[in-house]
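First the structure, in the form of structure tokens, and then the observations on it.
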2 protein chains.
Amino acid sequence: MIQSHDSTIDTLIEPELGALLGVFALHNFIESLMDDIDSGIDVPHFERKIVVWLDRPKRIGALAREMNVLPSTMTTAADQLESRGLVVRERDPDDRRAWLLKLTQTGADLRSALVVMARTLLCETLDLSADELNSFARTSLKIHANIQKHTTC
Amino acid sequence: MIQSHDSTIDTLIEPELGALLGVFALHNFIESLMDDIDSGIDVPHFERKIVVWLDRPKRIGALAREMNVLPSTMTTAADQLESRGLVVRERDPDDRRAWLLKLTQTGADLRSALVVMARTLLCETLDLSADELNSFARTSLKIHANIQKHTTC
DNA sequence: TCTGGATATTTCGAAAAATGAAGCTTATCA
DNA sequence: TGATAAGCTTCATTTTTCGAAATATCCAGA
């Protein structure tokens, strides 16, 4: 198992690569924060993520694509959220095959609590300046919008 | 299942919230890109992610914390990577309990291929200006560094 | 208008992934 | 020196996700 030093190399970091790792790190950090926050809330982890993603009513299939899971996985999670009164399924008026997941008031309250607390911890913990945060948010929003273009239902 | 409109509300988006969603979206987007890229590479998904995370040799426990998984999960994944010749385990010279995961040349080659291709697709697909990308990368690197402070082994 | 192909979601068994308790070794501290 | 904590591993169990098949709906082209 132990080999000589010559058979391995150290890799270099380029700026964009650092950006990727930063995004990964931030994503994982936020996830671990969310795990910590709601140890008192009996909602499974993935379902909690869905609640955060539901900034507006979305189709099950679109949400699955955004979150990089299969539709069948999203179906199961939606069942869970629905049984807990956090979302309702509504027919998409534009397409009778499709369903919209929409937060209930209970779901929206949970979402607000999750997001506000995660965001507060994020700003305090990561020590970004106002400029950095605004710029990061602006680019991040643009990225989000551009990605939506690629996954629009 | 179908309820009246009065029982649900629409939520508003604040900028920092958009930033969070952007990060989530970007993370998922990169992951789906990586899924697409290496359909010809017989390495499971999580193990591929580990390869990207190994910008330098890291302890199994530290890596597990960074990636928000349990050490036992990381052990299994490391076994896989080792059996494929992508990493080697080396004793941490500072602590004989601990192991460092270090990329082999094969692992480093795979990492370069994954990262370069993902980054190229990222820049072309998401249409960021050079300023936006550099600023995003800079903040992202800072975020990464700050998060490392919270998970240092 | 009709038809064939594509799409949206669901079901449910199978597969994959992750957990978590227990164990061994090593490090730290009083 | 002894007690406690930390790092990693093992392996049985649980959880999560996949994926094939099915049904309903949509849509473009003939």
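Letters A, B, ... are given to chains in the order of the sequence lines, protein chains preceding strands, and every chain is numbered from 1. Note that the structure is predicted; figures quoted are calculated from it, not measured.
Look at CD on Gln80(B): it is 14 Å from P on dT9(D), rounded to the nearest Å. Rounding to whole angstrom units, CG of residue Asn28(B) and P of dT17(D) are separated by 12 Å. Rounded to a whole Å, the NE2 atom of His45(B) is 17 Å from the C1' atom of dA15(C). Residue Lys49(A) contributes atom NZ, which lies 13 Å from atom C1' of dT16(D) at whole-angstrom precision. Leu81(B) places its CG atom 16 Å from the C1' atom of dC8(D), with the value rounded to the nearest Å. When rounded to the nearest whole Å, the span between CE of Met74(A) and P of dT16(D) equals 14 Å. Rounded to whole Å, atom C1' of dA8(C) lies 17 Å from atom CD of Glu90(A). Protein atom CG of Asp92(A) is 13 Å distant from nucleotide atom P of dT10(C), rounded to whole Å.
Counting any heavy atom pair closer than 4.0 Å across all strands shown, Leu70(A) reaches a base atom.
Going from atom CG of Leu110(A) over to atom OG of Ser112(A) covers 8.5 Å, rounded to the nearest 0.5 Å. Here CD of Glu47(B) is found 9.0 Å from CE of Met74(B). Values are rounded to the nearest 0.5 Å. The distance from the NZ atom of Lys58(A) to the CG atom of Asp92(A) is 14.0 Å, given to the nearest 0.5 Å. Leu70(A) CG to Thr75(A) OG1: the interatomic distance, rounded to the nearest 0.5 Å, is 10.0 Å. Remark: Phe24(A) CZ to Asn68(B) CG distance equals 14.0 Å, nearest 0.5 Å.
The shortest distance between the side-chain N/O atoms of Thr73(B) and the OP1/OP2 oxygens of dA18(C) is not below 4.0 Å. Using a 4.0 Å cut-off, no side-chain N or O of Arg89(A) falls inside it from OP1 or OP2 of dA8(C).
Counting only heavy atoms from C-beta on, Thr75(A) has its side chain closest to dT9(C) among dA18(C), dT9(D), dT9(C). Candidate nucleotides dT17(D), dA17(C), dT9(D) were compared by shortest atom distance to the side chain of Pro44(B), and dA17(C) ranks first.
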Just the table, please: protein N/O against nucleotides 25-29 of chain C N/O, every pair under 3.5 Å.
residue, atom, partner, partner atom, Å
dA27(C), OP1, Arg96(B), N, 3.0

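For the pair Arg59(B) and Trp99(B), the NZ or CZ position fails the cation-pi test of under 6.0 Å to the six-membered ring centre and within 45 degrees of the ring normal.
The minimum heavy-atom distance between Val51(B) and Gly107(B), with the atom names listed, is CG1-O, 3.7 Å.
In terms of position along DNA chain D, the nucleotide closest to Ile60(B) lies nearer the 5' end than the nucleotide closest to the other residue of the pair Ser72(A) and Ile60(B).
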